Amino acid sequence: MQTSQFTKIACIGSGLIGVGWTVNFIVKGYSVNLYDINKPQLETAAKLIQRNLEFLVAKEVLTQEGAAEAASRIFYYTDLAEAVKDVQFVQEAGPERYDVKQSILAEVEKHVSDEVVFASSTSGLLLTEIAKHAKHPERCLGAHPYNPVHLIPLVEITKGDKTSEKYVNLACEFYQQLGKEPIVLKKEALGFIANRLQVALYREAVELVMRGVCTVEEVDKAALFGPGLRFGILGPNLIFQLGGGAHGITGILTHIGPSVEMWWADMADWKRFPEGWIEMAQVGVDKAMANRDKQIGNTNEEVSRYRDDMLVEVLKLHKKL
Ligand SMILES: NC(=O)c1ccc[n+]([C@@H]2O[C@H](COP(=O)([O-])OP(=O)(O)OC[C@H]3O[C@@H](n4cnc5c(N)ncnc54)[C@H](O)[C@@H]3O)[C@@H](O)[C@H]2O)c1
């Protein structure tokens, strides 16, 4: 099977992530069989998909006609056999539990045709375990997206002990055609890559507030208006390459290396959230939300909309939309 033969994708699970994948697939011209065990959830999903399409129309990523045509390529199912029988790729987005993912995979394998890849959206389960009873573990892989899936390009590809490189390459090619940036993990790592980076930063953010160095609002501001703006453009190694001037990353690491080692020695390395942090975080976030300029939103809904507005602009600059 080649990606040029892909026309229809099955998406298993129509929650937050299933909806995001579906929008991504239809916007890129594929048909989608969207399956859920819960019929009312499919109705909720249809409304969310419509809302996301309207957003893309408002942002001039799609035309009104294009959005209507894309929506007409979604087929809703509560029968798994029907949902997968005529597809070339399966994207699983069901609950984050081994037993559920294993039983979805077992059922999918009974009805898909040969060569169909089973890609799980798992945020952290091991592929070897998800595929341990599979008839074709070589066709099973992890494809972890980032929310909102229809906008954020990253997909982390994980392999089980029997996953074949042939299907990893096929999946990567497919995700690239969707406008994604797939990264294949060379070995299994809890939390994969991006979430490990995210929580490494978060630990120090918590530490700084707990030590009284700054407030929740200030630590967020420091991340956003400092390194965060650069991270939207370059990764940490290229940032250092530029920071080192003519000597590049070698120059900066040699220059500030001893200071960095002093900071590291002083930084948090706890493995459990400090007691009281969750309550403190909520109080800090509520204050930060209230202090935001009205134009950039004070409620979760308004701030999500602001985030997506900004994401679209950045993605357009990256030529990802
Ligand atoms: N939420 C995130 O930010 C995020 C990000 C990346 C990956 N993921 C992963 O994506 C997957 C889905 O997460 P989500 O946030 O969309 O969850 P969700 O709870 O919003 O959606 C899960 C959906 O699966 C359906 N479901 C339950 N049992 C099922 C079954 N046997 N067959 C088919 N569908 C079934 C539920 O009805 C629900 O609609 C999880 O593996 C999660 O770890 C989540």
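Each ligand, and each atom within it, is numbered from 1 in the order the structure gives. Just so it is clear, the structure is predicted and the values come from calculations on it, not from any experiment. Residue indices begin at 1 and follow the sequence shown.
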Report summary line: Contacts of K221 meeting side chain to side chain donor-acceptor pair (under 3.5 Å) (sequence neighbours excluded), chain-then-number -> none
**Report entry** Close-range residues for ligand 1, whose non-hydrogen atoms fall below the 4.0 Å threshold
**Finding:** I12, G13, S14, G15, L16, I17, Y35, D36, I37, N38, Q41, A93, G94, P95, E96, V100, K101, I104, S121, T122, S123, H144, P145, N147
Query raised in the report: Would you call K110 and E107 a salt bridge, using N to O less than 4.0 angstrom?
Result: yes
Query - Members besides L317 in its Ile/Leu/Val/Met/Phe/Trp/Tyr cluster (side-chain heavy atoms under 4.5 Å) - result: none
Can you give me every donor-acceptor pair (side chain of residues 148-159, partner residue at least two apart or in another chain, under 3.5 Å) with its distance?
residue : atom : partner : partner atom : Å
E156    : OE1  : H144    : ND1          : 2.9
E156    : OE2  : I193    : N            : 2.9
E156    : OE2  : A194    : N            : 2.7
K159    : NZ   : E165    : OE2          : 2.8

Query raised in the report: Does the side chain of N24 come under 3.5 Å of the side chain of K180 through a donor N or O and an acceptor N or O?
Result: yes
Report task. Would you check if the side chain of Q102 reaches a backbone N or O of E129 as a donor-acceptor pair within less than 3.5 Å? Result -> yes
